[in-house]
Q: 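Take this structure first; my questions come after.
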There are 2 protein chains.
Amino acid sequence: MKKKISLRVIKRISFYYEALLKLNLSDDLYISSIKLEEITGVSSNQIRQDFFYLGISIGKQKKGYQIKRLFNELKKVLPIDRRVDVIIIGAGRLGCCLSEYKLFEVRHINVVALFDVKEELISKAEERGSHCAPIHHIDKLDGFLSEHPNIKIALLTLPENSAQEMLNKLVKLGIKGIVNFAPKILKIPEYAEDVQIVNDCIGASLYKVIYQIYNKA
Amino acid sequence: MKKKISLRVIKRISFYYEALLKLNLSDDLYISSIKLEEITGVSSNQIRQDFFYLGISIGKQKKGYQIKRLFNELKKVLPIDRRVDVIIIGAGRLGCCLSEYKLFEVRHINVVALFDVKEELISKAEERGSHCAPIHHIDKLDGFLSEHPNIKIALLTLPENSAQEMLNKLVKLGIKGIVNFAPKILKIPEYAEDVQIVNDCIGASLYKVIYQIYNKA
DNA sequence: CTCTTTATTGTTAATTTTTAATATAATATT
DNA sequence: AATATTATATTAAAAATTAACAATAAAGAG
């Protein structure tokens, strides 16, 4: 009954959601599509089109959208108020960085644990704040996932040469969603078509800036 | 007279370019659009369409595109030979992570230096590999930029409470493009409208995966 | 308070981009 | 040499984005 929302729309909605999260503390009550464009980089036309498509019709002329209300509408689209447990494979700089990422908390994304092959990272775990997720050796992954069957998502922050192998392993262990941060496109094995992968590219926004600065006519 | 190439095409072309760079060492002479799809994640239809649009018509049936030749064709399209120098403000985990980011090398993005307020990070610089960019104290930023007037872009990996202040400073020092990684929306001062900013959101792709897993009909 | 101006939405229309389909040609195979 | 296969180049169809604009609520002037 629900209409299928394309992945592109989902991606943009998550940008809007993100922007609103960041604004939440501020006491501006309303935000216009133009303001939202400034923040998200998505054009105001696109934003209004998206809201129209999704049946979000809560804007007020000359003011914009009530932030809290818009936030709730977007929440309905991305059913993101459910707590989501994830693990991080790779406890290097990026992995640790993500495990402490403030926005994850706000979004109810809970990093349950990190895994790594390097023993020295594991021993270092104690040095980290007590609020941080524990770092385990990768050998314990199998058992860990058996004990935590609710974990369906893994973030991959490994070097590119080991990422594909680890993905295959994760799929075998029942992981259903993977965000790959390695600078390499990873593929889902053919026998596991229901598994979702997103190849994230951290630096990509830099290209936009470079292009705008050096190629602007 | 050159036709205007959209930012989207530019982005994809840079993916192809990057893929070819990785292949260059291999001795496969030809690559097909399907193989390129596997590497880049861009559909083979899209790839052929892009080449058609750009007038790149060098494919051989049943073999694909001669790698070296395709590489040269793409090079013509992308003004990617230019080296772009950038600095990173904030030498924490994310900053260091970005300074070693492999894709930056491939794309000729050169992290010249990192800056931080914390003395201990600066002293630690020697422990890092010699190939890494040096970490300086933030007080040296002013002088550094005077000595390197070609640096127009800064990546901001600071905590959110100090990010806006630093942005203002950077703008005053002549920086023209900023990528903000702090989980806070930053504003360009009104007197500096030519400055480009992108507020990057590291975790956003996770939403996509969550949506796909928990909303699959 | 009433009128005018203005900003911003919701919606439709035009344009652009992407995806799919197909005709064609080169290569490999039997 | 004939045939089947595979991959391109091109065209056509579908989808997504951008632009346009009428409607109208809010703000401001008098």
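The structure displayed is predicted, hence computed values, not measured ones. Note: hydrogens, waters and symmetry copies are ignored here, and every other heavy atom, side chains too, is used.
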Q: For the salt bridge (Lys or Arg N to Asp or Glu O under 4.0 Å) test, which of B/Lys75, B/Lys76, B/Arg69 pairs with B/Glu73?
A: B/Lys76

Q: Could you state the atom-to-atom distance from CG of B/Leu7 to C1' of C/dT16 in whole Å?
A: 14 Å

Q: Report the nucleotide, chosen from D/dA9, D/dA7, C/dA21, that has the shortest atom-to-atom distance to any side-chain atom of B/Asn45.
A: C/dA21

Q: Rounded to whole Å, how long is the line connecting atom CD1 of A/Ile47 with atom P of D/dA19?
A: 14 Å

Q: Rounded to whole angstrom units, what separation is found between the CG atom of B/Leu70 and the P atom of D/dT8?
A: 11 Å

Q: A/Ser57 or B/Val9: which one's nearest nucleotide on DNA chain C is closer to the 5' end?
A: A/Ser57

Q: Could you check whether the rings of A/Phe144 and A/His148 sit parallel, tilted or perpendicular, using 30° and 60° as the cut-offs?
A: parallel

Q: Over how many whole Å does the gap from B/Gln46 atom CD to D/dA14 atom C1' extend?
A: 14 Å

Q: If you only use heavy atoms from C-beta on, which nucleotide in C/dT27, C/dT9, D/dT8 is closest to the side chain of A/Ser32?
A: C/dT9

Q: Rounded to the nearest 0.5 Å, what's the gap from SG on B/Cys201 to CZ on B/Phe181? Could you check?
A: 10.5 Å

Q: What's the CD-P distance between A/Glu37 and C/dT8, to the nearest Å?
A: 12 Å

Q: Quick check: on DNA chain D, is the nucleotide nearest A/Asp50 upstream (toward 5') of the one nearest A/Lys62, or the reverse? Name the residue that is more 5'.
A: A/Asp50

Q: OP1, OP2 of D/dT18 versus side-chain N and O of A/Arg48: anything below 4.0 Å?
A: no

Q: Do any side-chain nitrogens or oxygens of A/Tyr65 fall under 4.0 Å of OP1 or OP2 in C/dG10?
A: yes

Q: How close or far is atom P of C/dT16 from atom NZ of B/Lys11, stated in whole angstroms?
A: 21 Å

Q: At 4.0 Å (heavy atoms only), tell me whether A/Phe51 reaches a base, stays on the sugar-phosphate, or touches nothing.
A: nothing

Q: If the cut-off is 4.0 Å, is A/Ser43 near the phosphate of D/dT18, judged by side-chain N/O to OP1 or OP2?
A: yes

Q: Salt-bridge test for A/Lys22 and B/Glu160: reply yes if a basic N is under 4.0 Å from a carboxylate O, no otherwise.
A: no

Q: B/Arg8 side chain N/O closer than 4.0 Å to the phosphate oxygens (OP1, OP2) of C/dT16?
A: no

Q: Check the distance between D/dA23's P and A/Phe52's CZ and give it to me in whole angstrom.
A: 16 Å

Q: Less than 4.0 angstrom from a charged side-chain N to a carboxylate O is my criterion; do A/Asp50 and A/Arg48 meet it?
A: no

Q: By nearest atom, which of the nucleotides D/dT8, D/dA23, C/dT27 is closest to the B/Gln61 side chain?
A: D/dT8

Q: Applying a 4.0 Å non-hydrogen cut-off, can you work out what B/Ser33 is touching in the nucleic acid: base, sugar-phosphate, or nothing?
A: sugar-phosphate

Q: Would you mind reading off the distance between A/Tyr53 atom OH and D/dA15 atom P, rounded to a whole angstrom?
A: 10 Å

Q: With a 4.0 Å cut-off on heavy atoms, is A/Ile58 in touch with a base, just the backbone sugar-phosphate, or nothing at all?
A: sugar-phosphate

Q: Can you confirm whether or not the ring centre of B/Tyr207 sits under 6.0 Å from the ring centre of A/Tyr17?
A: yes

Q: May I ask you to evaluate whether B/Gln49 reaches the phosphate of D/dT10, defined as a side-chain N or O under 4.0 Å from OP1 or OP2?
A: no

